[in-house]
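Computation of the quantities below employed the complete heavy-atom set of this structure, encompassing side-chain atoms and omitting hydrogens, waters and symmetry-equivalent molecules. Protein chains get the first letters and strands the later ones, always in sequence-line order, with residue 1 at the start of each. Just so it is clear, the model here is predicted, and its values are computed rather than measured.
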Amino acid sequence: MPEKVHTFFADSDDERVEKTAPPPADDGGRKKKRNKKRKRDEPADHPHVPEGPQDPIEVPEKPVLESQPENVSPAAPVPESKPKSRPQTKSKAKPLNETKTNFSSLREKAKALYETRRKLPIFAHADDIRQKLRDDDVMLLVGETGSGKSTQIPQFLVNEFWCRPTPTKITQDDGTQKEISVGGCIAITQPRRVAAISLARRVAEEMGTPLGSSSPASKVGYSVRFDTSTSPSTRIKFLTEGMLLQEMLHDPWLTRYSAVVVDEVHERGVNVDLVLGFLRNLVSGTKEGRGSVPLKVAVMSATADMESLLGFFREGYSLPSQEQKTKSNGSEAMQSKDGDSRDISVCHIKGRQFPVKTIYSPEPVHDFVDAALKVIFQIHYKEPMPGDILVFLTGQETVEALEHLVNEYAMGMDPALPRIQVLPLFAALPQAAQQRVFAPAPPRTRKVVLSTNIAETSVTVSGMRYVVDCGKAKVKQFRTRLGLDSLLVKPISKSAAIQRKGRAGREAPGQCFRLYTEKDYLALDETNTPEILRCDLSQALLNMKARGVDDIVRFPFLTRPPREALEKALLQLLNIEALDESGSISDVGLHIAKLPLTPTLGRVLLAAADNGVECLSDVIDIISCLSVENIFLNTNSEEKKEAAETARRDLFRREGDHLTMLATAQAYATENTDRKAWAERHLVSHRAMQSVMDVRKQLRMQCRQSKLLPSDDRRTNASREPSPVLILQSFLRGFATNTARLVPDGSYRTVVGNQTVAIHPSSVLFSKKVEAIMYNEFVFTNRSYARGVSAVQMDWVGEALAG
DNA sequence: GAGCACTGC
């Protein structure tokens, strides 16, 4: 396979962007020096983005969520979980005159933003990028932090000739021809919801178009779970990877799209691997379902590891097509037939980062909390203000330990020195406490943020000049053989270390103190282990089966999971009857695949439907609670624990966590005056309960659509008592293998495998002895824990295991 | 006696 283009764009050096910034290039054809070929590609109705000197762009120094265009600051700080999704007043078209006035002010804003855009490192490469995707269907792009790739690439491409809706004909199953329109829209996938939404908002502003469903003329929209905002004129759509997979279940040929841009591939979540596999099949196949209209694919990553992706897509081109029709042609014939579009372009765009000096520990460090403490004060004593410190630790425990130590030492500090403000940051921290890290420090105060790897990708805190990196992180790993997840502290990868270091150089030159030796660094893995090698594959496999990938072994995995892991997942799907004996997907499996749940929880939902509408309704409430992390607030202090016990007394159910969750969800749902106050009174997380209600609403809706629930939404009988037996038996249909019995020594042993398992301290059954338990999660940290636990009877378990 | 980080029509 010829490799036609392999270009590395030399770009400006880090801080000298201004000086070496290339001559302003074209953004979409608005400049004088325009590319002749492009002219006719531009629809006239494209919002006008003028050139020329404009008002200086105000880029507010606000917390920025990562994966946002690195140099873009959203107007608002980190949104409270789902900011605008709650009162859903979507898809309301504005009156025409209002829309009109909006357009002119939107255009003004876009005009102002244009100056910022053209200074982005990627801007000078707009023409090359357009040309590459005209020649080839696949482009790989390495864009370092600050290059502007996520916001600019879709704008570079949206007016290309190949990006228009194309009328074509497809052959239907019955052999008849059907006229359809293919393409017209660009999809850009993101690993996280917030990134998808804020990127869409930013690109809409830059293009001078309203966002999503706010106007029928909107050209930019987004789609994430619980919150989709698009219009009939949407041309650029940001969506989460999961959302694209979901769309592909209904439209396997992606007929709405002319291009899919897969962003942040280096994060390698399991969903992105599936997306890439499906896209490779699409670009290297016959495209019959698209009426032969090509699909352009751009794969973007922040790290330079493009070799494996290049090999991955080349392999797709060199194989005989997955589709039967071209099989006889062989790969060579296909190559000459399709010519250029069978090549793959690679681009490398430098980022815009300030230099960060790396300081290694001269000696190996045994206690990184202690070492971090020393380094923090070393920085504080020696380095000038301003300059906040970001410390990467492994988890809540180490964060809190170091928090106490720093506060203790700071008290004995010379009063003449600037003060120190310590701020913890981890996902389980209540939202209000998380927000504190974004507030600027008081005068003469240095902020020290102690964070888990949440600050590595998900949250960006501004003002950081010093990074302290312990070199470790907790990693979840699914152990196929044991059927349990382990959560262990492991060394991070080089690319994670580089990512952490980069956090010090976003606003000024910085320093990164690595609490490990250079030798240790050099011994680290190059990249993070892809999630597909670390997780239970049953959901991924079910998704593939639901899309007609019969032979899992032949699916193009960017990283192929071990055979054992695939077999385990297939067995699991067989156990819950999602697959039949031949390995084909069953009706049950097809139904489960469409639910936004793990296959096991999906199976439980269907089993509950067999036990009647009331049981299904209750099980939906419980599943909704299980779908969000921890609905109960943490109670670390003895005092708080007692308070919680009292506050939650009326929610507690002796049957276990499932019935307790049901009581909580129903009490919350029936609270009509002040849910927030109710949650606070019961030491229940209001944020988590809002998510629970979102999931519940979605599941109820789907069950009504599939006629499992009656179409009128009235809860059957609010005052009725739930049936614990039916509910728990429904759960056993999915979790029969997640059971353990009490043995004479007072411990629990798993029914399958006879392993010791302890009830997690967060469970209401903690320290209780019952005949047998069923649990949702089996996690190894310091020991094996069962989480999400209920008491069950052994004869139920026997029945469930027998099928 | 304890909770890395994401995510789904």
Distance, rounded to the nearest Å, where [X] contributes [atom1] and [N] contributes [atom2]:
{"X": "A/Arg547", "N": "B/dG8", "atom1": "CZ", "atom2": "P", "answer": "17 Å"}
{"X": "A/Leu488", "N": "B/dG3", "atom1": "CG", "atom2": "P", "answer": "11 Å"}
{"X": "A/Glu629", "N": "B/dT7", "atom1": "CD", "atom2": "P", "answer": "11 Å"}
{"X": "A/Leu244", "N": "B/dC6", "atom1": "CG", "atom2": "P", "answer": "21 Å"}
{"X": "A/Arg225", "N": "B/dC6", "atom1": "CZ", "atom2": "C1'", "answer": "13 Å"}
{"X": "A/Asp227", "N": "B/dT7", "atom1": "CG", "atom2": "P", "answer": "13 Å"}
{"X": "A/Gln190", "N": "B/dT7", "atom1": "CD", "atom2": "C1'", "answer": "13 Å"}
{"X": "A/Gln539", "N": "B/dG8", "atom1": "CD", "atom2": "P", "answer": "12 Å"}

With respect to the phosphate group of [N], does any side-chain polar atom (N or O) of [X] fall under 4.0 Å of OP1 or OP2?
{"X": "A/Ser762", "N": "B/dG1", "result": "no"}
{"X": "A/Thr781", "N": "B/dA2", "result": "no"}
{"X": "A/Arg787", "N": "B/dA2", "result": "no"}
{"X": "A/Thr457", "N": "B/dA5", "result": "no"}
{"X": "A/Ser458", "N": "B/dC6", "result": "yes"}

Return the nearest nucleotide to the side chain of [X]; candidates are [options].
{"X": "A/Asn630", "options": "B/dG1, B/dG8, B/dG3", "result": "B/dG3"}
{"X": "A/Pro596", "options": "B/dG3, B/dG8, B/dC6", "result": "B/dG8"}
{"X": "A/Lys474", "options": "B/dG3, B/dA5, B/dG1", "result": "B/dG3"}
{"X": "A/Phe766", "options": "B/dA5, B/dG1, B/dG8", "result": "B/dG1"}
{"X": "A/Arg193", "options": "B/dC6, B/dG8, B/dG1", "result": "B/dG8"}
{"X": "A/Met243", "options": "B/dG1, B/dC6, B/dG8", "result": "B/dG8"}
{"X": "A/Lys476", "options": "B/dT7, B/dC4, B/dG3", "result": "B/dC4"}
{"X": "A/Arg192", "options": "B/dT7, B/dA5, B/dG8", "result": "B/dT7"}

May I ask you to say what [X] touches in the nucleic acid, namely base, sugar-phosphate or nothing, with a heavy-atom cut-off under 4.0 Å?
{"X": "A/Val224", "answer": "sugar-phosphate"}
{"X": "A/Ile454", "answer": "sugar-phosphate"}
{"X": "A/Leu595", "answer": "base"}
{"X": "A/Leu245", "answer": "nothing"}
{"X": "A/Thr598", "answer": "base"}

(request) Pick out which of A/Asp273, A/Thr529, A/Asn528 makes a side chain to side chain donor-acceptor pair (under 3.5 Å) with A/Arg268. (result) A/Asp273

(request) Determine yes or no for a side-chain-to-main-chain donor-acceptor pair under 3.5 angstrom, with A/Arg503 supplying the side chain and A/Ala455 the backbone. (result) yes

(message) Could you check whether any side-chain N or O of A/Asp657 sits under 3.5 Å from a backbone N or O of A/Val764, counting only pairs where one atom can act as donor and the other as acceptor?
(response) yes

Under 3.5 Å, which donor-acceptor pairs do the side chains of residues 239-246 of chain A form with other protein atoms, sequence neighbours left out?
{"unit_1": "A/Thr240", "atom_1": "OG1", "unit_2": "A/Met243", "atom_2": "N", "d": "3.4"}

(request) Of all the heavy-atom pairs spanning A/Tyr257 and A/Ile186, show the shortest one and how long it is. (result) CD2-C, 4.0 Å

(request) Could you tell me whether A/Lys237 and A/Glu247 make a salt bridge, using a distance below 4.0 angstrom between a side-chain N and a carboxylate O? (result) yes

(message) Would you call the rings of A/His658 and A/Phe731 parallel, tilted or perpendicular, taking 30° and 60° as the class edges?
(response) tilted

(message) Nearest heavy atom decides the nucleotide; on that basis, is A/Ala427 or A/His250 closer to the 5' end of DNA chain B?
(response) A/Ala427

(message) Need to verify one output field. Residue with the more 5' nearest nucleotide on DNA chain B, A/Leu590 or A/Phe426?
(response) A/Phe426

